[in-house]
Asker: 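Before anything else, here's the structure in question.
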Amino acid sequence: MLTKAHDALRLRTSPGVFFTSALISLLFVVVTVAFTTTVDDVFSTASGWIMTNLGWFYILGVTTFLIFLVVIALTHYGRVRLGGDEERPEHSTLAWFSMLFAAGIGSILMFWGVAEPISHFANPPLQEAAPESEAAAREAMGFTLYHFGFHTWAIFALPGLCFGYFIYKRKLPPRVSSIFAPVLGGRIYGPIGKTIDVVAIVGTIFGVATSVGLGTLQINAGLAQLFGLEESGIIQIALIAVVTVMAGISVALGLDKGIKRLSNLNIGMAMMLLAFVLVTGPSLFLLKGMIESVGIYAEALPSLAFWNDTFADSGWQNTWTVFYWAWTITWSPFVGIFIARISRGRTVREFVAGVLALPVLFSVVWFSIFGMGAFHIELQGEGGLVERVVDSGDIPGALFEFLGNFPLAGLVSGLAIVLVVIFFVTSVDSTAMVLDMMAGGKEEKAPIHQRLFWAALMGLVAATMLVATGKDGLDALQQVITVVGLPFFVMGFVMMYSLVRGIREDLGELPEPVTRQWTEVNTAEDLEAAESRPAPEVVVVTRAIPDETDGDDGGRDERESSSAGAGNGSAPGAEIRAGEEVESAR
């Protein structure tokens with residue numbers, strides 16, 4: 001039946017994965033609209049239980065991901081290339097960074113750039129510093145960079161690295177289930193693999209829908225401030241529709257014409273906004289604060305990475321850090337497969353260094369300038385940010401209240417709204433492209449109406465989560481995403497094991513160390529003679545596995561290399577002559 005429907009709709013995808021994912025998402029929309037109160041109660045209870053009992057697991061998980069990535073990049077595995085051994089990167093570093101930034105965290109920076117620092121400034125998380133003090137400002141900056149620095153990008157980088165390896169090195173389908181091939185084997189093509197893919201697709205839809213919902217709230221707040229437009233559900237649904245249509249156009253144009261151009265436009269406009277705030281604001285204060293923020297982050301990171309609010313048990317961490325990690329990890333399959341696609345040809349070490357270092361560096365600069373600028377307004381300026389953002393709870397309006405303290409406030413706020421819109425368009429169009437790949441298991445260009453379906457579905461889920469629930473929009477988004485994020489953390493730990501096992505199987509083990517053999521040393525002459533003997537060389541024979549199209553001996557290639565090449569990427573089947581060859585080398 002699914003196959004007949006698939007053919008009738010002229011789709012090119014996997015019917016089971018496509019229709020199951022779509023049905024679950026649409027069922028959520030229908031049930032939420034029909035049974036609003038019941039759905040609210042279910043997600044409220046589930047998210048409350050997870051935050052209370054499993055918040056520590058979220059904290060531990062992300063820190064573990066970060067440590068794992070750093071370690072694997074520093075080992076000899078770091079020299080393995082995501083693709084063929086002779087492949088090189090397709091995109092320049094600048095274009096690579098632009099697409100990383102736009103697809104991953106650009107929209108988050110716009111929403112939280114002012115809102116988060118000023119929130120922690122008014123309500124210090126550790127509850128030790130006096131609210132709205134210099135100490136509170138330092139603490140606020142430390143927590144903000146913790147939330148949007150290495151940890152956030154570790155969540156994206158782990159699946160990205162796994163996708164890059166298994167899709168472009170092992171040539172497996174671009175699906176989440178492919179990452180588990182070393183564990184599941186051929187079962188990735190069966191019901192277990194399809195279940196993993198459906199969970200990943202549905203979770204990604206909810207994660208990106210949450211971001212679209214947050215962006216809609218921010219756009220609505222900006223339009224309300226500039227033009228007096230009402231902040232209401234009808235307006236927000238209209239805004240989601242506009243973003244969805246724009247994303248559909250970009251999806252139709254494809255990666256190079258649509259997504260890549262919008263990404264480059266994004267990064268250019270973001271840099272202009274950043275420069276405007278730096279030049280027209282308290283420049284010296286911001287520059288000094290930016291450098292100081294690096295030290296604040298470096299000092300706070302080791303303790304915050306394992307902090308679980310154990311003693312105070314205030315619940316603060318549940319509504320901030322746990323929500324962030326759950327939200328971010330639901331993005332991770334989409335962002336992971338997207339950055340794997342644009343990172344093909346880079347080594348594991350290049351990938352980890354680039355994906356962690358470049359966006360994190362930009363995040364530090366962004367939050368330092370906007371955060372320190374917000375602190376300056378409260379401590380030495382006219383204030384007003386705490387009153388609007390914290391006291392009135394208008395988090396989406398934080399950026400526009402901030403820009404109201406700068407010259408050309410109306411014009412710049414208008415440009416900021418455009419920038420937010422473009423950020424969310426790039427998020428939706430990139431996700432639609434990736435969801436289509438994950439559902440179909442192929443990177444080939446799919447029918448346009450098939451890719452447009454995913455963009456429309458994300459817009460529909462976002463509108464439902466934001467407007468159709470009975471709770472405050474932001475609160476509803478937080479509760480849903482906290483529940484959806486749990487299975488992704490479990491998968492993250494399996495991903496780490498699977499990646500190491502996969503690389504080890506393909507790369508082969510390092511040879512056992514062979515040392516110089518010493519005789520008994522009783523005199524200075526004996527010692528000098530022993531030290532003059534050279535250390536042995538290890539002779540390694542690498543046998544390439546013959547191609548099935550050749551004969552029995554076809555494709556066989558024996559090459560000898562010295563210890564300088566040992567462990568640097570021997571083909572499967574590498575053998576070490578540990579007997580007479582090593583003895584002769586001695």
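Hydrogens, waters and symmetry mates are skipped; everything else that's a heavy atom, side chains included, is used.
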Asker: Quick one: does any side-chain atom of R501 pair with a main-chain N or O of P182 as donor and acceptor, under 3.5 Å?
Answerer: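 Indeed, once roles are kept as given, a pair shorter than 3.5 Å links the two residues.
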Asker: With a 4.5 Å heavy-atom cut-off, do I188 and V183 have their side chains touching?
Answerer: no
Asker: M458 and I205: side chain to side chain contact (heavy atoms under 4.5 Å, CB included), yes or no, with the steps?
Answerer: CA-CA 6 Å; M458 282 183 286; I205 290 172; 4.2 Å; yes
Asker: Which heavy atom in T330 sits nearest to a heavy atom in I481, and how many Å separate them?
Answerer: OG1-CD1, 3.6 Å
Asker: Any side-chain heavy atom of F206 within less than 4.5 Å of one from V461?
Answerer: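 Answer yes - side chains close enough.
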Asker: For P447, is there any backbone N or O sitting under 3.5 Å from a side-chain donor or acceptor partner on Q450?
Answerer: no
Asker: Just how far is it from atom NE2 of H76 to atom CD1 of I503, taken to the nearest 0.5 Å?
Answerer: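 So the NE2 of H76 and the CD1 of I503 are separated by 9.0 Å.
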Asker: Ignoring hydrogens and angles, tell me if any N or O in the side chain of S498 forms a donor-acceptor pair with the backbone of I179 under 3.5 Å.
Answerer: yes
Asker: Could you state the interatomic distance from CD1 (I108) to CD (E116), rounded to the nearest 0.5 Å?
Answerer: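 That separation rounds to 11.0 Å.
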Asker: So, applying side chain to side chain contact (heavy atoms under 4.5 Å, CB included) with F489, which one of L60, L54, I329 is it?
Answerer: I329
Asker: Does V62 reach the side chain of T321, with side-chain heavy atoms less than 4.5 Å apart?
Answerer: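 SC-SC contact between V62 and T321 ruled out.
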Asker: Does any N or O in the side chain of Y58 come within less than 3.5 Å of the main-chain N or O of I50, such that one atom is a donor and the other an acceptor?
Answerer: no
Asker: side-chain hydrogen bond (donor to acceptor under 3.5 Å, both in side chains) with E87: which residues, sequence neighbours excluded?
Answerer: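 R344.
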Asker: Is it the case that H151 and T63 place a side-chain donor and acceptor less than 3.5 Å from each other?
Answerer: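 The criterion, which ignores hydrogens and geometry beyond distance, is satisfied for T63 and H151.
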Asker: At what distance, to the nearest 0.5 angstrom, does CE of M491 lie from CG of L486?
Answerer: 10.0 Å
Asker: For P359 and G354, which heavy atoms make the closest approach, and how far apart are they?
Answerer: CD-O, 3.2 Å
Asker: Is the closest side-chain heavy-atom distance between F68 and L499 below 4.5 Å?
Answerer: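 The answer is yes, as the side chains (C-beta and beyond) meet within the 4.5 Å cut-off.
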Asker: Taking the side chain from R346 and the backbone from S343, do they hold a donor-acceptor pair closer than 3.5 Å?
Answerer: no
Asker: Does any N or O in the side chain of W153 come within less than 3.5 Å of the main-chain N or O of V355, such that one atom is a donor and the other an acceptor?
Answerer: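 Judged by distance alone, no pair lies under 3.5 Å.
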Asker: Donor-acceptor pair, distance only, cut-off 3.5 Å: does the side chain of S178 make one with the backbone of P173?
Answerer: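 Yes.
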Asker: Which atom names give the shortest non-hydrogen contact between A462 and A209, and what distance separates them?
Answerer: CB-O, 3.5 Å
Asker: Applying side chain to side chain contact (heavy atoms under 4.5 Å, CB included), run through L145 and I296 and close with a yes or a no.
Answerer: CA-CA 9 Å; L145 295 178; I296 293 172; 5.9 Å; no
Asker: Could you check W320, F370, F143 and say which one makes a ring pair (Phe, Tyr, Trp, His ring centres under 6.0 Å) with W112?
Answerer: W320
Asker: Which atom names give the shortest non-hydrogen contact between K169 and D506, and what distance separates them?
Answerer: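 In terms of heavy atoms, the two residues are closest at CG-OD2, 4.5 Å.
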Asker: May I have the step-by-step check of ring-ring contact (aromatic ring centres under 6.0 Å, His included) for F423 and F111, ending in yes or no?
Answerer: CA-CA 11 Å; F423 270 130; F111 189 89; over 10 Å; no
Asker: Nearest 0.5 Å, please: how far is CG in D197 from OG in S21?
Answerer: 8.0 Å
Asker: Examine the side chains of S211 and W327 and answer whether a donor and an acceptor come within less than 3.5 Å of each other.
Answerer: yes
Asker: Does the side chain to side chain contact (heavy atoms under 4.5 Å, CB included) test come out yes or no for E86 and R81, once each step is laid out?
Answerer: CA-CA 8 Å; E86 303 302 322; R81 200 167 288 279; over 6 Å; no
Asker: So, the side chain of Q317 versus the backbone of W307: is there a donor-acceptor pair under 3.5 Å, distance only?
Answerer: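 Yes.
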Asker: State, to 0.1 Å, how close T20 and G16 come at their nearest heavy-atom pair, and which atoms those are.
Answerer: OG1-O, 2.6 Å
Asker: Apply the test side chain to side chain contact (heavy atoms under 4.5 Å, CB included) to residues M272 and L419: give CA-CA distance (whole Å), side-chain angles for both, the deciding distance (0.1 Å), then the verdict.
Answerer: CA-CA 11 Å; M272 289 173 59; L419 183 56; over 6 Å; no
Asker: For the side chain of Q517 and the backbone of T515, is there at least one donor-acceptor N/O pair under 3.5 Å apart?
Answerer: yes
Asker: G142 and A300: which non-hydrogen atoms are nearest, and at how many Å?
Answerer: CA-CB, 4.4 Å
Asker: A side-chain contact here means heavy atoms from C-beta on lying under 4.5 Å apart; do I337 and I167 qualify?
Answerer: yes
Asker: Any side-chain heavy atom of Y165 sitting closer than 4.5 Å to one from R170?
Answerer: yes
Asker: Applying ring pair (Phe, Tyr, Trp, His ring centres under 6.0 Å) between Y146 and each of W325, F367, F306, report the one that passes.
Answerer: W325
Asker: Salt bridge (Lys or Arg N to Asp or Glu O under 4.0 Å) for K442 and D436? Distances and angles first, verdict last.
Answerer: CA-CA 8 Å; K442 296 180 181 179; D436 194 64; over 6 Å; no
Asker: Assess, by modelled atom type and distance only, whether the side chains of T431 and W454 contain a donor and an acceptor separated by less than 3.5 Å.
Answerer: no
Asker: Rounded to the nearest 0.5 Å, what separation is found between the CD1 atom of I249 and the CD1 atom of I448?
Answerer: 11.5 Å
Asker: Would you please indicate if the ring centroids of F163 and F338 are separated by under 6.0 Å?
Answerer: no
Asker: Would you say I339 and F351 make side-chain contact, with heavy atoms under 4.5 Å?
Answerer: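 Sidechains of F351 and I339: in contact.
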Asker: Can you tell me how the ring of H147 sits relative to the ring of Y324, calling it parallel under 30°, perpendicular over 60° and tilted otherwise?
Answerer: perpendicular
Asker: Checking the side chain of K194 only, and the main-chain atoms of Y189 only, is there a donor and an acceptor separated by less than 3.5 Å?
Answerer: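 Yes; at least one donor-acceptor contact below 3.5 Å.
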Asker: Please tell me if the side chains of F180 and I192 come closer than 4.5 Å, counting only heavy atoms from C-beta onward.
Answerer: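 Side-chain contact under 4.5 Å: no.
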